[in-house]
2 protein chains.
Amino acid sequence: MISLNIIGTGNLARNLAHIFHETEGVVLNQVIGRSKAALSPFAKITSTSIDFNAIKESDVSIIAVKDDVIKSVGKKLISYKGLIAHTSGGMHIDVLSSNKNIGVFYPLQTFTTGKPIDFKNIPICIEANGPDGLSLLKALGNTLSTKVENISSHKRKILHLSAVFVNNFTNHLYTIGEEICEEHGLDFDLLKPLILETAEKVVNLSPKEAQTGPARREDQKTLHEHLQLLKENQQREIYKLLSNAIKASYEKKL
Amino acid sequence: MISLNIIGTGNLARNLAHIFHETEGVVLNQVIGRSKAALSPFAKITSTSIDFNAIKESDVSIIAVKDDVIKSVGKKLISYKGLIAHTSGGMHIDVLSSNKNIGVFYPLQTFTTGKPIDFKNIPICIEANGPDGLSLLKALGNTLSTKVENISSHKRKILHLSAVFVNNFTNHLYTIGEEICEEHGLDFDLLKPLILETAEKVVNLSPKEAQTGPARREDQKTLHEHLQLLKENQQREIYKLLSNAIKASYEKKL
């Protein structure tokens, strides 16, 4: 049995508390947060506190807070004896160097309040400053997912950078699609089956092979017409830059 | 019973032939293409021909060919009496103006050879130059999908433009994610659950509300570090432009 605290009350903290509460082999001892209001959803399933000095001794404390406060949370837990692991893609393990037993427990996924995630297939990137810590995080990860990977801070940062492209930037392209539809009185729902299929397609096919569209086939007439239709300057710039990138990436192949 | 010809042998022609062959209420009379080799996969399910003059009389002939040959295909079918409909997102219905009964039958989806698509939820955008043609295409669309929409040539072009953002450009961002992973010896599979969830998230949540990431939260430190990590100039340009677009779109909201 692995005993666990969670520090933080945001989307990831909620998703982790929810899933660990239901997971065999793990006991969620406590959730610590900055305000009683933010802790109230957790109070139904475990003990909560706003006092970092009142932290319970557990095998692991998972810090699920914003990047820029991880360090200060670590400093508040200097007397805590268990393993402390943060959950950030972009932060080095050493951000917790004030503490003795430290690690990282980074689920490579996007979390939304009110939308529980199936953790089974989510990669969990782990790292620790010692073999015991690594074994513990491996065991903890295995209670949730079949894909627990030992990844260094540098490689995790690279994964996080890639995630910005496939998640944050992709979502902005969806936003532009929605804006164009709204501007012309078209229902954005019409594009949703296409959005889903575009994602599902690359599960089995490399995106390089899956590329289609006017830029891929060098269809200058359509590229020109599309630029004429776009009224917002930033949308035009994005259209041009991404079309040129697709063209260049195809030319390289020849 | 609606009788049907398909003209063309590419991804869309294959998917349409496959699904109409299995659909009640439709009989696939014939597939016409430029070469016997390309027609051979169709020969198992229906009659095929490379001779446009040998076209069978059917209620509808669907033209599923590249945009720039739709016009010339139409001209080859001047003596054909049924309805002729093209399947292009970007082409005006009038590209078929040499013919008498014309229309458009545009399934808003991306098609891959060897990956059959469930048509039930795919929007099919229809248009015709007369009420009889429109009724016929509506009836034909309803045999496949619950989402048959009467959309003008101009609005279809706008949808196609939006589709370029959410499909073609998104796929290129996946390609960049794959390139970054490969460059650092990381498995692109690690990003696939994130890619799927990013798409699934906007089924119920507006992408504007779903936006996360360093640009959204104005995390200058991470934005700077990411640009340092990117070695390819074009990847850096895309990173900068999309991050600035996200920042601007957030500022507008304030």
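Quick caveat: nothing in here was measured; it's all calculated off a predicted structure. Sequence lines set the chain letters: A, B, ... in the order given, protein chains first and strands last, and positions in each chain run from 1. FYI, side chains are in, hydrogens and waters are out, and symmetry mates aren't considered; it's all heavy atoms of this structure.
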- Task: Measure distances from A/F119 to the heavy atoms of chain B and classify the residue's part below 4.5 Å as side chain, backbone, both or neither.
- Result: neither
- Cationic N near anionic O, under 4.0 Å, A/K192 to B/E200: no
- Please check if the side chain of A/K208 supplies one atom and the backbone of B/T175 the other of a donor-acceptor pair under 3.5 Å. no
- Task: Go through the atoms of B/I151 and report whether side chain, backbone, both or neither lie under 4.5 Å from a heavy atom of chain A.
- Result: side chain
- Measuring heavy-atom distances to chain B, does A/V164 have an atom under 4.5 Å in its side chain, in its backbone, in both, or in neither? side chain
- Message: Using modelled atom types and a 3.5 Å cut-off, is there a donor and acceptor pairing between side-chain atoms of B/Q109 and backbone atoms of A/P193?
- Response: yes
- Within the side chain of A/K155, is there an N or O that forms a donor-acceptor pair under 3.5 Å with the backbone of B/H184? yes
- So, the part of B/Q234 with a heavy atom under 4.5 Å from chain A: the answer is side chain
- Item | Sidechain-backbone polar pair: A/N167 side chain, B/T198 backbone, donor-acceptor under 3.5 Å | no
- Item | Nearest heavy atoms of B/P214 and A/N168, plus distance in Å | CD-OD1, 3.5 Å
- For A/S162 and B/I180, the nearest pair of non-hydrogen atoms, with its separation, is OG-CG2, 3.3 Å
- Message: Looking only at the aromatic ring of each residue, does the gap between the centers of A/F165 and B/Y174 stay below 6.0 angstrom?
- Response: no
- Task: Measure B/T222 against the heavy atoms of chain A and call it side chain, backbone, both or neither at under 4.5 Å.
- Result: side chain
